[in-house]
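Okay, so here's the structure we're looking at.
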Amino acid sequence: MSADGIAQVFREKFGYEPEIVGVAPGRVNLIGEHTDYNDGFVFPAAIDRGLWIAAAITNKETKSYSVQLGDGQPFVAGKVEPGFTDNWVKYPAGMSWAISKSADQELPNLKVAIDSTIPIGSGVSSSAALEMAFGVVWSHAGRLALDNRELARLGQVCENQFVGVNSGIMDQMASAMGRKDHAMILDTRSKEIDYVAMPPGLSIVLCDTKKERELANSAYNERRTQCEMAAQLLGVKKLRDADQGMLEARKYKLTEVAYRRARHVISENARCLGFRSALANRDLELIGILMRESHQSLRYDFEVSCDELDAMAASAWAAPGCVGARMMGGGFGGACIAVVQTEKLDAFIESTLNLYKLASGLNGEAMTCRIVDGARLLVA
Ligand code: GLA
């Protein structure tokens, strides 16, 4: 896809030229799962599966058209309330609500065409990309000059308060702040980012289980509540502030479930920091250990895996060229992420998908990802 391609979609749909064209990428996360809403560390990267957007200001309502999802309900920018719709257009509507509330300013209405190469439901944040794409366009169209960090914050406000998912800030930050060929370790408390170059000779492969994510939002919100309760019982502001010693010393205060949830977050934060050195030192063995431990911790302590994700991770571990693999994202379906030796890429993919098919009966799908820059305007 290209700037010309999405401009053409706009022309065909609305019959005239767009004024603004932009793109926002999806993301992977190397390690650091379910840590972002605990003020912890995450290690995402923006990928070359993106959402393209072309827009023009209109004096009528905001009308959005997606090649994949069709026409969205029209709405007046900034004049929508949470609960407005269940349709995909809740993300653009929510962004207009979050931006205009924060800027205390009316936003122009837009005609918008969208085309995307980000798979939906695979856990690579197509919704955060949608939010960031509308964010860069609205910031420009409304002459607000919001930077990408601020757009990421507003994207989280949109998710939490408009869409009703209590997500952390990882997905929006990755889509907004990604840097070509670098993964980013993000301290979700200070919002500080450290960009780490991906070592040569390693590839990132997403291994999609093709299992739809079921009841994922309610389970996600439940995990977040459990983490907050665990932090309270441990006497800390967030689980970021707890460590293994404190957890063991105050174990008697926690339910068994709260203890395991906290143990995941505490150990995952440590793994995320360990991963930074492992990557910098090209320590392939340690990368593999940390990713496997992350998967097991998400499976047994945090309980957000499922049979298909377990089967995919095990298939990847057994395949040639696998450096490390684990379930990725919120869980309950979606994809595993694998770090693979580039020279063995083809053999890795073939073997992983064959083993997965034997174990699950499902046809999984593999996608090799390149790391790209975050959301930006291409024509304005
Ligand atoms: C989803 C959320 C993120 C993060 C991950 C789990 O992708 O949107 O904020 O919590 O799950 O790490």
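- Residue Ser294 holds its OG atom at 13.5 Å from CZ of Arg299, rounded to the nearest 0.5 Å.
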Derivation of the side-chain contact (heavy atoms from CB on, under 4.5 Å) call for Phe43 and Cys272: CA-CA 7 Å; Phe43 215 146; Cys272 197; 4.0 Å; yes
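- By the criterion of side-chain heavy atoms lying less than 4.5 angstrom apart, applied directly or through intervening Ile, Leu, Val, Met, Phe, Trp or Tyr residues, Val339 is not grouped with Leu353; the two fall into different hydrophobic clusters.
- Without hydrogens or angle criteria, Arg153 side chain to Asn148 main chain gives no donor-acceptor distance under 3.5 Å.
- Between Asn59 and Asn109 the shortest side-chain heavy-atom distance does not fall below 4.5 Å.
- Note: Ser297 OG to Met327 CE = 10.5 Å, rounded to the nearest 0.5 Å.
- By the rule that hydrophobic residues join a cluster once side-chain heavy atoms approach within less than 4.5 Å of another member, Val257 and Met229 end up as members of separate clusters.
- Of all non-hydrogen atoms in Phe14 and Ala113, the two that sit nearest each other are CE1-N, 4.2 Å.
- Contact record, Phe41 with Asn269: N-OD1, 2.9 Å, taken as the closest heavy-atom pair.
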All N/O donor-acceptor pairs, side-chain side in residues 311-322, below 3.5 Å, sequence neighbours left out:
{"residue": "Ser315", "atom": "OG", "partner": "Ala311", "partner atom": "O", "Å": "2.7"}
{"residue": "Ser315", "atom": "OG", "partner": "Tyr356", "partner atom": "N", "Å": "3.3"}
{"residue": "Trp317", "atom": "NE1", "partner": "Ala325", "partner atom": "O", "Å": "2.9"}

If you apply the rule side-chain contact (heavy atoms from CB on, under 4.5 Å), what do you find for Val323 with Val340, and how did you get there? CA-CA 5 Å; Val323 175; Val340 180; 5.9 Å; no
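- Looking at Arg240 and Asp39, no side-chain N of the basic residue comes within less than 4.0 Å of a carboxylate O on the acidic one, giving no salt bridge.
- Checking side-chain atoms of Ser102 against main-chain N and O of Ala98 turns up no donor-acceptor pair under 3.5 Å.
- Side-chain contact between Ile99 and Leu144 is present, with heavy atoms from C-beta onward closer than 4.5 Å.
- A salt bridge links Arg224 with Glu228: the distance from a Lys NZ or Arg NE/NH1/NH2 to an Asp or Glu carboxylate oxygen falls below 4.0 Å.
- Ion pair Asp373/Lys180 not flagged as a salt bridge, since none of the NZ, NE, NH1 or NH2 atoms sits closer than 4.0 Å to an Asp/Glu carboxylate oxygen.
- Checked by atom type and distance alone, the side chain of Ser125 never pairs as donor or acceptor with a backbone atom of Ala128 at under 3.5 Å.
- A side-chain donor-acceptor contact under 3.5 Å links Ser203 and Thr342.
- Asp86 CG: 12 or fewer foreign heavy atoms inside a 6.0 Å radius.
- A continuous path of hydrophobic side-chain contacts links Leu146 to Leu110 [ILVMFWY only; heavy atoms under 4.5 Å].
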When you look at Leu206 and Thr368, which way does the side-chain contact (heavy atoms from CB on, under 4.5 Å) test go after all the steps? CA-CA 6 Å; Leu206 273 176; Thr368 306; over 6 Å; no
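- Using a 4.5 Å cut-off on side-chain heavy atoms (C-beta onward), Asn29 and Ile337 make no contact.
- Under the 3.5 Å distance criterion, the side-chain polar atoms of Asp241 are matched with a main-chain donor or acceptor of Lys238.
- Listed for the Glu19 side chain is a donor-acceptor partner under 3.5 Å among the backbone atoms of Ile57.
- A heavy-atom distance below 4.5 Å is found between the side chains of Cys158 and Val163.
- The line from OG of Ser64 to CZ of Phe134 is 4.0 Å long, rounded to the nearest 0.5 Å.
- At least one side-chain heavy atom of Leu202 sits less than 4.5 Å from a side-chain heavy atom of Leu284.
- In summary, Lys210 and Glu308 do not engage in a salt bridge, as defined by a charged side-chain N under 4.0 Å from a carboxylate O.
- In this structure, Asp243 contributes its side chain and Gly245 its backbone to a donor-acceptor pair below 3.5 Å.
- A donor and an acceptor atom, one from each side chain of Ser267 and Arg271, are located under 3.5 Å apart.
- Across Asp48, Ile204, Val28, a single residue satisfies side-chain contact (heavy atoms from CB on, under 4.5 Å) together with Ile371, and that is Ile204.
- Electrostatic pairing of Arg261 and Glu303 counts as a salt bridge here, judged by a charged N lying under 4.0 Å from a carboxylate O.
- Between Phe348 and Cys207, the closest heavy-atom pair is CE2-SG, 4.1 Å.
- Looking only at distances, no side-chain donor or acceptor of Asn166 sits under 3.5 Å from a matching main-chain atom of Asn221.
- Note on ring orientation: taking the six-membered ring where Trp is involved, the planes of Tyr16 and Phe10 are perpendicular (angle over 60°, cut-offs 30° and 60°).
- Ion pairing of Lys63 with Asp71 is absent here, as no side-chain N (NZ or NE/NH1/NH2) approaches a carboxylate O to less than 4.0 Å.
- Checked against the 6.0 Å centroid threshold, Phe162 and Phe84 do not count as a close aromatic pair.
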Worked verdict on Tyr300 versus His264 for ring-ring contact (aromatic ring centres under 6.0 Å, His included): CA-CA 9 Å; Tyr300 295 111; His264 165 72; over 10 Å; no
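- Here the straight-line distance linking atom OG1 of Thr188 with atom OH of Tyr37 works out to 11.0 Å at 0.5 Å rounding.
- Other residues, nucleotides and ligands place more than 12 heavy atoms under 6.0 Å from the CD atom of Gln68.
- Between Ile287 and Arg282 the shortest side-chain heavy-atom distance does not fall below 4.5 Å.
- Within the 4.5 Å cutoff, the side chain of Phe275 has heavy atoms near those of the Met291 side chain.
- In this structure, Leu154 is a member of the same hydrophobic cluster as Ile53, with clusters built from ILVMFWY side-chain heavy atoms closer than 4.5 Å.
- A donor-acceptor distance shorter than 3.5 angstrom exists from the side chain of Arg250 to the backbone of Leu234, with no hydrogens or angles considered.
- Val67 and Tyr65 make their closest contact through CA-OH, 3.9 Å (heavy atoms, listed as atom of the first residue, atom of the second, distance).
- For Arg326 and Glu293, the salt-bridge test fails: no basic side-chain N is under 4.0 Å from an acidic carboxylate O.
- Of all non-hydrogen atoms in Ala230 and Ala262, the two that sit nearest each other are CB-CB, 4.3 Å.
- Enclosure of atom CD in Gln244 by more than 12 non-hydrogen atoms of other residues, nucleotides or ligands within 6.0 angstrom is indicated.
- No side-chain donor-acceptor contact under 3.5 Å links Asn38 to the backbone of Gly40.
- Take Asn354 and apply the side-chain contact (heavy atoms from CB on, under 4.5 Å) test, not counting sequence neighbours, and it matches Glu350.
- Judged by distance alone, the side chain of Thr117 and the main-chain N or O of Arg49 form no donor-acceptor pair under 3.5 Å.
- Environment of CE in Met1: crowded, with over 12 heavy atoms of neighbouring residues, nucleotides or ligands closer than 6.0 Å.
- Side-chain contact between Ile169 and Lys191 is present, with heavy atoms from C-beta onward closer than 4.5 Å.
- Separation of atoms CG (Asp194) and CE (Met184) is listed at 10.5 Å; rounding is to 0.5 Å.
- Cluster annotation: Val112 is connected to Val89 through the hydrophobic network of ILVMFWY side chains, with a link wherever side-chain heavy atoms come within less than 4.5 Å.
- Note that the CD atom of Gln172 and the CE atom of Met170 stand 9.5 Å from one another [nearest 0.5 Å].
- Here the closest non-hydrogen pair linking Glu131 and Gly155 is OE1-O, 3.5 Å.
- A cation-pi arrangement is present between Lys101 and Trp97 under the rule of less than 6.0 angstrom and at most 45 degrees off the ring axis.
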